[in-house]
J.: 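Quick one: the structure is below, and I'll ask about it shortly.
Each chain gets a letter, A, B and so on, in the order its sequence line appears, and its residues count up from 1.
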Amino acid sequence: MTTEKDSTTGPLQGLKIVDASEGIAGPFCAKLFADYGADVIKVEPTGGDFMRRAGPMGRPTIEASGTWLYLNTNKRGVTLDLTQATGRDVYLRLARWADLVIDSSAPGVLASRGLGPADLAAVNPRLVVASVTSFGQSGPYTEYRANEMVFCALGGLFIITGERDREPISIALPRIQFLAGLHAYDAAAAALFGLAAGGDGVHIDVPIVNSVVSCLQNATTVFSYSGYQWERVGNFRPGAYPISVFACADGHVSLAAHDEIRWKALCTLLGRPELHDDPRFRKSPLRAENRHALDEYLVPWFRDKTKFELFELGQKSGVGMGIVATPEDILTLPQHLARDFFVTVDQPGIGSVRYPGVPFKVPGLAGPRRPAPALGQHNAEVYQDVLGYAEADVNALFHNRVI
Amino acid sequence: MPHQPLAGIRVLDLSQIWAGPWATQLLGALGAEIIKIESTVRMDPWRGPLEPTGPKHRYPQGDPGTEPYNRDAFYNSMNRNKLGITLDLTKPEGKDLFRRLVGISDVVFENFRSGQMDKFGLGWTELSAIRPEIILVSLPGFGGTGPYKDFIAWGPVLEAVCGMAGLVGYADGPPILSGSAYIDAISGAGACAAILTALFHRRQSGRGLHVDVSQLEMATTFVAPVLLEYQFRQVVARRQGTRSDVFAPYGCFRCRGDDQWIAIAVESDADWARFRRAVGDAPWTAKAEFQTVLGRAQHRDELHRQVEAWTSGRDKYEAMKVLQDEGVAAGALLNAGELMNDPHFVAQKFFAAVPHAAAGTYTYPGLPFSLGAAETEWRPAPHLGEHNQYVFGELLGLPADAIQGLTDRGIVGTRPVPGKQAY
């Protein structure tokens, strides 16, 4: 399904990106550029992006990390050692070629090697540089170590998730890092778009922890307006019911029928119009106050039906319901299949893997052009054909562990 | 001067509530001119009820005032850097004015239920006939096609169907819905990406296009690691609070005070060595079973008890500093008030005070990125119909008496009409 030198297509065709970032956020940003047609060169240390060792692992090898393989589709891959002067020289040549460089190095490290934004701007004044780091380029936490949990802790999302009288909980999915990568794409794509009007490039600072706060603008603004603090409420929001999760025959479904229109539809669906007139349940805040009484009707009604039965019946009756989807549900969901959402990629050494496709479709996309690169797979192609090094020079770089 | 790469781009913003307005907040902060279109009979529901009866914490000092729809914290935060007009799209005159605005705009953006724009007679076929370069971006919950396209797609529904809800909960309990609807944050950032990508398409092809951005697909993109794990190992990550199957200490631990916590993540042996130093090489840390990755995971319960004995005697900030000084990944769990005063966000100047004529001066969050050194210039969220004069008078050239006529006929206005609103 792949050809090594097929031309790019898509709306970003012609854009040249160097992805020197590791982990999730920077590479996801670069993946979006790659999937929409830009020419993206992934530059890894000679030992590989550390994400190659992050699960889920197909096998315990650096070519089998599921997340790494997903994040690095459609990129050509090279290796480069920036601790050597020769390697830094190669990096400057890449910066001269590129429209955008994405990095995730700790603040100051690249500058200490003569590869900071000012150094790159000197060789390419129109270059956009996007630095995606945990806490940004300045401030008291620039040297702090972080993972998804720490971001959610310092960003205010962790404390408000879970039940009030138990420990807060988080999710075993790096969604904030994905979101930061998406925000980085927004900033970088806008910056590149604006360059057509002329002028110089710009250094974009993307502190991952700041993306958490974009999930709770309301909480901080309300605090500013009135001093009110959000609390952990589990599945019971004060003032609004029913919004919750219910067990059913083969799993769970979520229900959102707290506004008066949906509440009425729910009563009809349950075949209990009298609940609609019950004074305990007349308005959403009352339903919240009396939720245990209301649950005596709801819980048994959900319990003996399957999740898809409830989902489709509920939705067609005008009630907001959702299956609590398992991976199996997601991979076979009629909506995803009808819209051709998944793509199948032939991953060397692993076999056929289904990934989410692009998050939105635009004309001109050729679909997946290449799977994620093996470590250093495109060293010869990129260093010779793109940067113009002679073959003997590339071999010398390899011999000296520069690549 | 803040970097404004989208200067000159004009967006007609029909979106409401959170996901759509987040996309246009990002675009507006990057320099695009956002014309937010509401109507006096259908305001953005985030302006709140006309007569607030429930809790009033969304209002300045808890006081709705005489114009609560111009004093709502949710609305005023999400709609900064946008111009606000009103236009009744159910009336022929309103549609006509909208068509004229399309003629001078680059993007139309909406997050109505799928098919609503066609019902207005303002769908893609009509808009592209007015202006072939127009970009229409739609953000329906389940997408504009497919068997679920007409389904209700609120946060609790999408959280569940995208797979995230199933991953959150205690080991002994059901899935737990999020404390804050992050699906909207993801969808908004994704719609912004779609608009930007469409602008590149137009530059390349000379033509506009209609992009159908499914909020469900946007969120499911983030769930890829779980889908891959399932394909590799046919297992599903079980809900277990914030514990890890393979790493310990890992999770959140009580600190001194009521509901005070710290998150700690120790993975490698090198991390463990740092942790030991941070807790002063306490004797319990020397136990043989704690010295390897596998040993720590196997003896997680006892290890967590010991860690919590250490953390529970300490202030969460103090514990974080002690751990981070030795290079251990640790973060105090902050609430909204604490994070607004946290040294990181203060040093970043992340929060900024913005004066608003009806609400007063309050503090709002910044962007998840900064372009160059200059700070974002924030303009307050618009009052209802605040920029009618500018948009209809200056951009479309309507004389004053024409605008007055439109107001008299209820097509435009600055005061909501009771009895017809969303609430």
J.: Could you verify whether a donor N or O on one side chain and an acceptor N or O on the other, from Y225(A) and D72(B), lie under 3.5 Å apart?
T.: no
J.: Between P225(B), A347(B), A263(B), which shows the greatest number of heavy-atom pairs under 4.5 Å with chain A?
T.: P225(B)
J.: Heavy atoms only, distances under 4.5 angstrom: which of G54(B), C192(B), G169(B) has the most pairs with chain A? Name it, please.
T.: C192(B)
J.: Give the member of G66(A), S224(A), P356(A) that has the highest number of heavy-atom pairs under 4.5 Å with chain B.
T.: S224(A)
J.: I need the residue from F151(A), Y144(A), F223(A) with the largest number of non-hydrogen atom pairs under 4.5 Å to chain B.
T.: Y144(A)
J.: Do you know the tightest heavy-atom contact between M164(B) and I171(A)?
T.: O-CD1, 3.7 Å
J.: Return yes if some donor-acceptor pair links the side-chain N/O of Y170(B) with the main-chain N/O of E167(A) below 3.5 Å, else return no.
T.: yes
J.: Report the option among Q177(A), E231(A), H252(A), Q137(A) that has the most heavy-atom pairs separated by less than 4.5 Å from atoms of chain B.
T.: H252(A)
J.: Please check if any side-chain donor atom of Y364(B) sits under 3.5 Å from a side-chain acceptor atom of T220(A), or the reverse.
T.: no
J.: Check for a donor-acceptor pair, side chain of Q229(A) on one end and backbone N or O of N335(B) on the other, with a separation under 3.5 Å.
T.: no
J.: Measure Q61(B) against the heavy atoms of chain A and call it side chain, backbone, both or neither at under 4.5 Å.
T.: both
J.: Quick check: does any side chain N or O of Y148(B) sit under 3.5 Å from a backbone N or O of E312(A), one acting as donor and the other as acceptor?
T.: no
J.: Tell me if a side-chain donor or acceptor on Q335(A) pairs with a main-chain N or O of E217(B) at a distance below 3.5 Å.
T.: no
J.: Under a 4.5 Å heavy-atom cutoff, which of G194(A), A338(A), G139(A), A187(A) has the most pairs with chain B?
T.: A187(A)
J.: Test side chain to side chain donor-acceptor pair (under 3.5 Å) on S214(A) and Y182(B); report intermediate values, then the result.
T.: CA-CA 8 Å; S214(A) 67; Y182(B) 53 80; over 6 Å; no
J.: Could you tell me which portion of F253(B) (side chain, backbone, both or neither) has an atom closer than 4.5 angstrom to a non-hydrogen atom of chain A?
T.: neither
J.: Top residue by heavy-atom pair count (under 4.5 Å) with chain A, among A185(B), A73(B), G327(B), P55(B)?
T.: A73(B)
J.: May I have the step-by-step check of side-chain contact (heavy atoms from CB on, under 4.5 Å) for R339(A) and D212(B), ending in yes or no?
T.: CA-CA 11 Å; R339(A) 285 171 60 89; D212(B) 169 24; 2.8 Å; yes
J.: Of the backbone (N, CA, C, O) and the side chain (C-beta and beyond), which part of V346(B) lies under 4.5 Å from a heavy atom of chain A, both, or neither?
T.: neither
J.: Checking heavy atoms, do the side chain of L209(B), its backbone, both or neither come under 4.5 Å from chain A?
T.: side chain
J.: Checking heavy atoms, do the side chain of L216(A), its backbone, both or neither come under 4.5 Å from chain B?
T.: both
J.: Specify which of A224(B), G372(B), G166(B) makes the most heavy-atom pairs with chain A at under 4.5 Å.
T.: A224(B)
J.: Taking R175(A) for its side chain and I186(B) for its backbone only, find out whether a donor-acceptor pair lies under 3.5 Å.
T.: no
J.: Considering only heavy atoms, which portion of V353(A) lies under 4.5 Å from any heavy atom of chain B: side chain, backbone, both, or neither?
T.: both
J.: Walk me through it: do R232(A) and D259(B) pass the test salt bridge (charged side-chain N to carboxylate O under 4.0 Å, His left out)?
T.: CA-CA 10 Å; R232(A) 283 197 295 299; D259(B) 202 31; 2.6 Å; yes
J.: What closest approach, in Å, do I176(B) and E163(A) show between heavy atoms, and which atom pair accounts for it?
T.: CD1-OE2, 3.9 Å
J.: Assign the ring pair W22(B) / H183(A) to parallel, tilted or perpendicular, where the plane angle (0 to 90°) is split at 30° and 60°.
T.: perpendicular
J.: Backbone N or O of T221(B) within a donor-acceptor pair of the Y70(A) side chain at under 3.5 Å?
T.: yes
J.: Please answer whether the main-chain N or O of P156(B) pairs with a side-chain N or O of S254(A) as donor and acceptor at a distance below 3.5 Å.
T.: yes
J.: Just wondering, are more than 12 heavy atoms of other shown residues or ligands nearer than 6.0 Å to CZ in R233(B)?
T.: no
J.: Quick check: does any side chain N or O of Q231(B) sit under 3.5 Å from a backbone N or O of R354(A), one acting as donor and the other as acceptor?
T.: yes
J.: With respect to chain B, which residue among V209(A), L32(A), L195(A), L255(A) yields the maximal number of heavy-atom pairs within a distance under 4.5 Å?
T.: V209(A)
J.: Are Y36(A) and F200(B), when compared by the centres of their aromatic rings, separated by less than 6.0 Å?
T.: no
J.: Measure up the H344(B) and F135(A) rings against each other and bin them: parallel (under 30°), tilted (30 to 60°), perpendicular (over 60°).
T.: perpendicular
J.: Heavy-atom distances under 4.5 Å only: say whether L6(B) touches chain A with side chain, backbone, both or neither.
T.: side chain
J.: Minimum heavy-atom separation for L12(A) and Q204(B), please, with both atom names.
T.: N-NE2, 4.5 Å
J.: Which bit of F369(B) is near chain A, if near means a heavy-atom gap under 4.5 Å: side chain, backbone, both or neither?
T.: both
J.: Given a strict heavy-atom distance threshold of 4.5 Å, which part of L196(B) is in contact with chain A: side chain, backbone, both, or neither?
T.: side chain
J.: Short question: side chain of D186(A), backbone of A193(B) - any donor-acceptor pair under 3.5 Å?
T.: yes
J.: Has the side chain of Q324(B) got a donor or acceptor atom that lies under 3.5 Å from a matching backbone atom of R145(A)?
T.: yes
